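Encoded as structure tokens, the structure appears first; notes follow it.
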Amino acid sequence: MLGPPGAGKGTQAHLISEALQYPHISTGDMLREALKKGTELGGKARAYMEAGALVPDNLVDAMVRDRVSREDCKEGLILDGYPRTISQAETIQAIFDGDGTRILTIGVEVEEQILIERLASRWTCPKCGKMYNAKLDPAKVRGTCDACGAGLVQRRDDTKEVVAERLQVYYRATSPLIRYYRERGLYFGVDGNQPIVTICSAIMNRITESR
Ligand code: AMP
């Protein structure tokens, strides 16, 4: 899943993962978990994440390499937030060339102004990962996850300054991946301004076609 922060990648990845029963592998979630647990990786990643910068490729590549080699990825997997650089794309291509996994890149496309508004009103469930938008898609009980009842939180890097940096990083380092995958015939762009279910069914149709 490719797209700028706030485009709805995580929401769609979550839905597709449930529909296909493939694991949802979010590098952002894995890194936040490492931070919370205070692991060595978390310690190395913290400053980058808090500044809205990318964590160095070698750290993220090693984490992904380990995760995608597990048994639950044998049938397929949803990568959310990875690759984010051309170098990461080359790394994952080499891994998947080795085991025969085919790639389809789904780009969730949304204009910058809308992203900034969405990120400011984004709330997440730290327990099950479900996401809410306080304006467009609020929880039934304010501050509480509809799905699992945990208290909702706002991400530390969803502040105005860090969001601006994350968007810049996206346009500079990650958006070239659209061309990279388009040239290889592996890119499917979807209009991320549509209702969540409409986007999801467009993605599911495309996945079905490519099987
Ligand atoms: P996300 O939840 O995908 O927005 O990621 C949150 C933060 O984790 C990013 O701003 C980066 O600091 C870091 N991160 C997540 N995925 C990657 C990646 N593929 N490469 C480098 N840094 C990443």
Side-chain angles (χ1 to χ4, degrees), residues 1-14 16-17 23-68 77-96 103 105-110 112 114-133 152-178 180-181 192:
M1 303 288 308
L2 186 65
K9 295 187 298 291
T11 302
Q12 293 300 330
H14 186 76
I16 299 163
S17 150
H24 171 191
I25 301 174
S26 154
T27 45
D29 285 350
M30 289 171 82
L31 289 165
R32 277 184 289 280
E33 190 64 25
L35 241 69
K36 210 161 78 185
K37 285 193 179 146
T39 65
E40 194 186 336
L41 170 65
K44 289 180 181 161
R46 180 181 300 276
Y48 297 99
M49 293 177 74
E50 289 184 349
L54 292 182
V55 174
D57 288 338
N58 62 326
L59 297 178
V60 184
D61 287 344
M63 179 181 85
V64 168
R65 191 183 289 280
D66 173 65
R67 180 63 188 88
V68 304
L77 59 144
I78 317 286
L79 273 175
D80 165 15
Y82 184 95
R84 253 176 159 104
T85 61
I86 299 279
S87 161
Q88 291 180 9
E90 286 167 349
T91 299
I92 198 69
Q93 187 70 55
I95 295 172
F96 287 161
I103 294 176
T105 305
I106 315 275
V108 186
E109 300 171 352
V110 177
E112 193 168 347
I114 296 178
L115 297 170
I116 295 170
E117 286 162 20
R118 280 194 193 176
L119 288 165
S121 44
R122 174 160 86 175
W123 289 80
T124 314
C125 174
K127 200 166 157 210
C128 75
K130 190 167 162 49
M131 272 176 281
Y132 297 85
N133 180 295
L152 301 179
V153 294
Q154 273 200 303
R155 277 173 46 171
R156 286 177 66 143
D157 59 354
D158 277 348
T159 60
K160 217 168 147 204
E161 298 72 28
V162 183
V163 161
E165 178 60 20
R166 285 163 62 209
L167 284 169
Q168 273 203 19
V169 168
Y170 171 77
Y171 290 111
R172 189 176 64 238
T174 307
S175 68
L177 288 175
I178 296 177
Y180 175 94
Y181 283 116

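Reckoned from all heavy atoms, side chains included, excluding hydrogens, waters and symmetry mates. Order of appearance sets the numbers: ligands from 1, and atoms from 1 within every ligand. This is a predicted model, so every value here is computed, not measured.
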For this session: Just go through A173, P56, P5, G81 and tell me whose heavy atom is the nearest to atom 19 (N) of ligand 1.
Result: G81
For this session: Could you check which of R46, R84, M63 puts a non-hydrogen atom nearest to atom 18 (C) of ligand 1?
Result: R84
Exercise. Who gets closest to atom 8 (O) of ligand 1 by heavy atom: M49, E50, E165?
Worked result: M49
For this session: Could you list the atoms of ligand 1 found under 4.0 angstrom from a heavy atom of L31?
Result: 8 (O), 13 (C), 14 (N), 15 (C), 23 (C)
For this session: Look only at interatomic distance and state if T27 has a nitrogen or oxygen under 3.5 Å from any nitrogen or oxygen of ligand 1.
Result: yes
Exercise. Is there a side-chain contact between I95 and D61, using heavy atoms and a 4.5 Å cut-off?
Worked result: no
Exercise. Out of curiosity, is K9 lining ligand 1, as in a heavy atom under 4.0 Å away?
Worked result: no
Exercise. Hey, does the side chain of R118 reach the backbone of N133 with a donor-acceptor pair shorter than 3.5 angstrom?
Worked result: no
Problem set entry | Test log, rule side-chain hydrogen bond (donor to acceptor under 3.5 Å, both in side chains), inputs T85 and D57 | CA-CA 8 Å; T85 61; D57 288 338; 3.2 Å; yes
For this session: Can you pull out the closest protein heavy atom to atom 22 (N) of ligand 1? Residue, atom name and distance to 0.1 Å, please.
Result: V55 N, 3.0 Å
Problem set entry | Any N/O pair A53/ligand 1 closer than 3.5 Å | yes
Problem set entry | Over all atoms of both residues, closest heavy-atom pair of A13 and I78 | CB-CG2, 3.9 Å
Exercise. Which pair of heavy atoms, one from I16 and one from M1, lies closest together, and at what distance?
Worked result: CD1-SD, 4.2 Å
Seminar exercise, completed: protein heavy-atom neighbour closest to atom 20 (N) of ligand 1 works out as Q88 NE2, 2.9 Å
Problem set entry | A173 to L54 - nearest heavy-atom pair and separation | CB-CD1, 4.0 Å
Exercise. In terms of atom number and element, which parts of ligand 1 are under 4.0 angstrom from non-hydrogen atoms of R166?
Worked result: 4 (O)
Exercise. Where do I178 and Y170 come nearest, in terms of heavy atoms and distance?
Worked result: CD1-OH, 3.8 Å
Problem set entry | Under 3.5 Å: N/O of D157 near N/O of ligand 1 | no
Exercise. If you measure every N/O of Y48 against every N/O of ligand 1, is any gap under 3.5 Å?
Worked result: no
For this session: Give the contacting part of V60 toward ligand 1: side chain, backbone, both or neither, where contact means a heavy-atom distance below 4.0 Å.
Result: side chain
For this session: To the nearest 0.5 Å, tell me how far E165 CD sits from D157 CG.
Result: 11.5 Å
Problem set entry | OH (Y48) with more than 12 external heavy atoms under 6.0 Å | no
